[in-house]
Each structure stands twice: as C-alpha cells, then as structure tokens.
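Just so it is clear, the values below take in all heavy atoms, side chains as well, and ignore hydrogens, waters and symmetry mates.
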Amino acid sequence: MNYRMMGKFISRILIVEAIFMVPALLISVFHEESEAVSGFLTSMVITVATALLLYLLCRKAKKGFYAREGLVCVGASWIVMSLLGCLPFYFSGEIPGFVDAMFETVSGFTTTGASILQEVEPLSMGNLYWRSFTHWLGGMGVLVFVLAIGRGREKSDGYTMHLLRAESPGPKVEKLVPKMKDSAKILYFIYVFLTILNVVFLLIGGMPLFDAVCTAYGTAGTGGFGIKNDSIAGYSPYLQNVCTVFMLLFGVNFSCYYMLAIRQVKNVFQDEELRFYLGTALASILLIVWNVRGLYGSLGETFRHAAFQVASIMTTTGFATTDFDLWPSFSRAILLGLMIVGACAGSTGGGFKCGRTLLLIKSLRRNVRQILHPQKVQVVRVNGQMVTERVLDNTNAYLAAYAFIIVFSFIVISIDGFSPMTNFSAVLACFNNIGPGLESVGPTCNFGDYSVLSKALLIVDMLAGRLEIFPILILFSRSTWSGR
C-alpha cells in the first residue's frame, strides 16, 4: 500500500477545500457575522495545517498507484474532507454538536440533503453558502476537480483512472477522450456551464442572486439543501419549473451532453439508459397526477407539483414544493421506488442508477431465456454492445451489498423506536442520497431526533451511497490493510 502517495494526494484535496472556504468567509465578513468569521478562519487554519503536515510527511512518495490505493484514497479523502468541512458549523456554534455538524456536512458533500436542523434560516449567510456549496463540490466529485486542475503528466493517467473509477457513479467508467485527465476537464466544463445556465434562468425569474446561486448549487449537485425553511415552496411557479427542468438535466449521464457537443445526436437518442430514465420519470408523473387529482386547485398546479417531486426524488435532489408525505399511499409508493432507482450513471444523481436497473432487467430476461433454451447462447446488450460477464457480476455484487446495507442499517436504527416506514425511508433517503424520507423524516421534518449511533450509521450510509459502496466497504476489510 502506497500510503505516502495517498497522503500527498489528500493534502492537495485539503488545500482545495480550504481555498473553497474563502468565499463563505468573505460573505460572513461582508455581513459582519463575527462568530461565523471566527469559525471559518479557525477551520481554514486547521485544514491548511493538516494539509501541510501530510505533505511534509509524504513529499518523498514513490510512484505506483493501483486499484486498491485508488479505492482507499477516495474513501479516506471523503472522510477527512468531511471531518474538516464540518468545522465552520461547529466552531461558529451554529451546530454545536460535532456529530450533528458532521451529519450536516457529509449530507452536503454526498449531495444527500438530509438535515438535522429544524430551521435553516437562522444560519449565518456564510454558513448557508458553505452548506449549499458542499453540494456543488461533492456533486461532480472533489477528486475529479483536483485531477482536472492538476498539472498534466503523461504517466499520471493510470492513477487518474483508478481514482475516477472509485469516485464516479455507475456500473463502469469510460473515457470521453483518450486521456482520463482531459475527460475530467470536459466533465467539469459541462458541470460549470449547466450551473451558470441554471443561475441565469433563476435570475430571470426574479430570484435574488444569493438565493439563485445557492439553489443552483443544490440543483447541480442534486443535493437539495434549501436556504428557506419551506425549501422551494415559497418561490414562484416559474422558478419551481426551472428547478424541475434542471434537476432532470443534471440526472442525465454527462457523456450525453458531450455527444451532443460533438454532434452525435443520433447516439444520444438511441441511449437506452436515457430513454429508461425519461420514460420512468414521465410515467411516474402521469400516475401521480392521476392519483392526487383533486388535491390542488387546477390540473396545471397538480402537474407542476407531481413533476417537481418526481424530478427531485428520482435525481436524488430532495427539494420540495409540497408535503408529499400527505399524498395517497400509491403516490408515496412510487416516490419510494424512485428513491431506489435513482438517476443515470455518470450524472450527479444518486440511487441504484438507471443503468444498473436496466442491466438487471436485461440479465433477468437473459436468464429466463436460458432456462427455456439451454442450448442457445444468450448475451446481454446495451446500446447494441455486448455487456461483459464481469460487468454483470459486479452489478450483482453491488446489488447484494446494497440490499445487505439497507437491511442492516434499518435494523440498527430501529432501536430508536420510530415507525418502520420512518426508519426504512430514512435509510433509503440517506443511502441513496435523497434527503427527505417519509413520516417523521418527511419533507417538513428532519433527522435531528435520531440518536448519535443512528446518525453515525446514517453518515456511513451517505458516504457509501455516494461512493458506490466499495470505497467505504474496503476500509473495513482486514485484507485491505494486510496487503493480502
């Protein structure tokens, strides 16, 4: 295990994190929020000092970075980044409990949007900005950002691939261009462009600049931290519709946007995962509109709320325009299913991913056909290309780990005595990086009443869900550290 190389890379991540605290600090200075200013300054000093110490200890790192180092480095990076990223909340006293501050920060970086706060508006402007910005930084991935801005080296593409495979969502990670580093730059360019476009459309609708930026951060990262107690409900129908459209856009595999940019439009429309994603979203909207008809004043209002909540839950954003926990059981069951399915692979959304769901459906159909025709060779194809057995095996292994973690977490947090639906939806909401669940953790509630043990477990769930389970899971494996 190349510990020094990992330590050197983590030191770079912490420097980037400290730099990104500067805008939040300046906002606090401008609004004369003395406690927040003190909190950010203290946090930045500790973060930079930790980074320098790691760099000094690991500056003579030898090259050599493989899959195991990539997984461990990603898992360790997100944990360290969250531990230091929660310090502004803690030192400012705005979230006095360290576990609560850690929960809020991990929820931000993993783009979950689950909160322990009863009200968010009392937070300082600086901490509100930092809270929302953690979504944007975690949406595409801080390691992807560091790799995108780092100095180019011909021999670095190997460890770049290992890091991106460990951090990027989806059954497999593919290069958009020959060099993985250039692929990271393209992804971030698309990400920044869509974020700016989102801000522009929100400003056109009359949203204040601070609100527009923070809302765009939450939408782009599909995170869902709002800066108002009622999330997005208090904004105009136009602004809610803008959020709906952009949530759906950020739930699309970013490679589709790259193909559009190079004029491969036909390949985009033939993408089976994209069609599955959009088809599932549209079918869910229509079914919910039919089911909740009569609850709102007009068909247009009904469609707006249904479309918003489907987009919010399926892309794992977690914004809300209405208390969907009051909807009929059929509509809530659809939302619960969308929590699991999630968005597309290669997007900023969470969940099991449409790509994996599609693979499982095709694999199940292949197995049924093999039973009927045992002598015939059956293969699974996506977008006309054969899917290897290794990818199918990895998908099945992911499903097994996914199911085990959900069941285990559900049993453990049930110690706190909440209803089964509350606990089950809480686990789904955290593990799939959704945010709100149902009943006591619904869109008008929060996770603050859970015990320290449950919050700690849900923190692990959020990290495991964002990093596709294995970078966190291998940290608990003895063979990872023994070298066997």
Inset, instruction - Anything under 30° is parallel, anything over 60° is perpendicular, the rest tilted; go ahead and classify Tyr402 against Phe431. - result: tilted
Legend entry - Side-chain donor-acceptor contact under 3.5 Å, Ser124 with Glu35: no
Inset, instruction - Starting at CG of Asn432, measure out to OG1 of Thr316 and round the result to the nearest 0.5 Å. - result: 8.0 Å
Legend entry - Ile186 and Phe254, any side-chain heavy atoms less than 4.5 Å apart: no
Inset, instruction - Taking the six-membered ring of Tyr398 (Phe, Tyr or Trp), confirm whether the NZ or CZ of Arg356 is under 6.0 Å from its centre and within 45° of its axis. - result: yes
Legend entry - Value rounded to 0.5 Å, distance of CG in Leu202 from CE in Met207: 5.0 Å
Legend entry - From Leu473 atom CG to Glu468 atom CD, the distance as rounded to the nearest 0.5 Å: 13.0 Å
Inset, instruction - Determine whether Phe250 and Thr315 make a side-chain contact, defined as any pair of heavy atoms from C-beta on separated by less than 4.5 Å. - result: no
Inset, instruction - Step through the shown structure and confirm whether more than 12 heavy atoms of other residues, nucleotides or ligands are within 6.0 Å of CE on Met259. - result: yes
Legend entry - Beyond-backbone contact of Lys8 with Leu54, side-chain heavy atoms, under 4.5 angstrom: no
Inset, instruction - Could you tell me if the ring centre of Trp136 sits under 6.0 Å from that of Tyr191? - result: yes
Inset, instruction - Report the residues that fulfil side-chain contact (heavy atoms from CB on, under 4.5 Å) with Leu278, sequence neighbours left out, ordered by chain and then residue number. - result: Leu274
Inset, instruction - Start with the C-alpha gap between Cys354 and Val341, add the side-chain angles, then the distance that decides, and say whether side chain to side chain contact (heavy atoms under 4.5 Å, CB included) holds. - result: CA-CA 6 Å; Cys354 290; Val341 174; 4.0 Å; yes
Legend entry - Which atom of Thr112 lies closest to which atom of Thr110, heavy atoms considered: OG1-OG1, 2.7 Å
Legend entry - Between CZ on residue Phe319 and CZ on residue Phe225, distance to nearest 0.5 Å: 10.5 Å
Inset, instruction - Evaluate the side-chain proximity of Thr321 to Thr244: yes if any heavy-atom separation is below 4.5 Å, no if none is. - result: no
Legend entry - Aromatic plane relationship, Phe418 with Tyr450 - under 30° parallel, 30 to 60° tilted, over 60° perpendicular: tilted
Inset, instruction - Please test Phe109 against Arg466 for side chain to side chain contact (heavy atoms under 4.5 Å, CB included), starting from the C-alpha separation and ending with a verdict. - result: CA-CA 9 Å; Phe109 279 130; Arg466 170 58 183 85; over 6 Å; no
Inset, instruction - Would you name the heavy atoms of Val199 and Ala216 that are closest together and state the gap between them? - result: CG2-CB, 3.4 Å
Inset, instruction - State, with a plain yes or no, whether a side-chain heavy atom of Thr280 is found less than 4.5 Å away from one of Ser284. - result: yes
Inset, instruction - Could you name each residue pair satisfying salt bridge (Lys or Arg N to Asp or Glu O under 4.0 Å) that touches residues 104-116, not counting sequence neighbours? - result: Glu104-Arg131
Legend entry - Minimum heavy-atom distance between Cys58 and Gly7, given as atom pair plus value: SG-CA, 3.8 Å
Legend entry - Min side-chain heavy-atom separation Pro88-Asn127 under 4.5 Å: yes
Legend entry - Whether over 12 other heavy atoms sit under 6.0 Å from Tyr296 OH: yes
Inset, instruction - Run the numbers on Leu41 and Leu25 for side chain to side chain contact (heavy atoms under 4.5 Å, CB included), then give the verdict. - result: CA-CA 7 Å; Leu41 285 174; Leu25 170 64; 3.7 Å; yes
Legend entry - For Ala220 against Thr195, the heavy-atom pair lying closest together: CB-OG1, 3.5 Å
Inset, instruction - Check the angle between the aromatic planes of Phe447 and Phe103 and answer parallel, tilted or perpendicular using the 30° and 60° thresholds. - result: tilted
Legend entry - Minimum-distance pair of heavy atoms, taken over all atoms of Gly205 and Leu239: CA-CD2, 3.9 Å
Legend entry - Lys353/Glu273 salt bridge by N-O under 4.0 Å criterion: no
Legend entry - Heavy-atom side-chain contact between Trp130 and Phe89 under 4.5 Å: yes
Legend entry - Close aromatic pair by centroid cut-off 6.0 Å: Tyr217 and Tyr129: yes
Inset, instruction - For the residue pair Asp461 and Val427, establish whether any side-chain heavy-atom pair is separated by less than 4.5 Å. - result: yes
Legend entry - Met339 CE to Met314 CE distance, which is reported to the nearest 0.5 Å: 13.5 Å
Inset, instruction - State whether the number of non-hydrogen atoms from other residues, nucleotides or ligands found under 6.0 Å of Phe210 atom CZ is greater than 12. - result: yes
Legend entry - Identified side chain to side chain contact (heavy atoms under 4.5 Å, CB included) counterpart of Glu17 within the set Leu84, Thr50, Val80: Leu84
Inset, instruction - Please state whether the rings of Phe246 and Phe201 are parallel, tilted or perpendicular, taking 30° and 60° as the class boundaries. - result: tilted
Legend entry - Atom pair OH/SG of Tyr235 and Cys243 - distance to nearest 0.5 Å: 8.5 Å
Inset, instruction - Quick one: do Ser115 and Asn446 satisfy side chain to side chain donor-acceptor pair (under 3.5 Å)? Show the steps, please. - result: CA-CA 6 Å; Ser115 180; Asn446 59 78; over 6 Å; no
Inset, instruction - Would you indicate whether Tyr238, at its atom OH, is surrounded by more than 12 heavy atoms from other residues, nucleotides or ligands within a distance under 6.0 Å? - result: yes
Legend entry - Heavy-atom closest pair, residues Ile459 and Met102: CD1-CG, 3.8 Å
Inset, instruction - Give a yes or no on this: more than 12 heavy atoms of other residues, nucleotides or ligands lie within 6.0 Å of atom OH of Tyr55. - result: no
Legend entry - Worked verdict on Ser43 versus Phe91 for side chain to side chain contact (heavy atoms under 4.5 Å, CB included): CA-CA 8 Å; Ser43 303; Phe91 285 132; 3.7 Å; yes
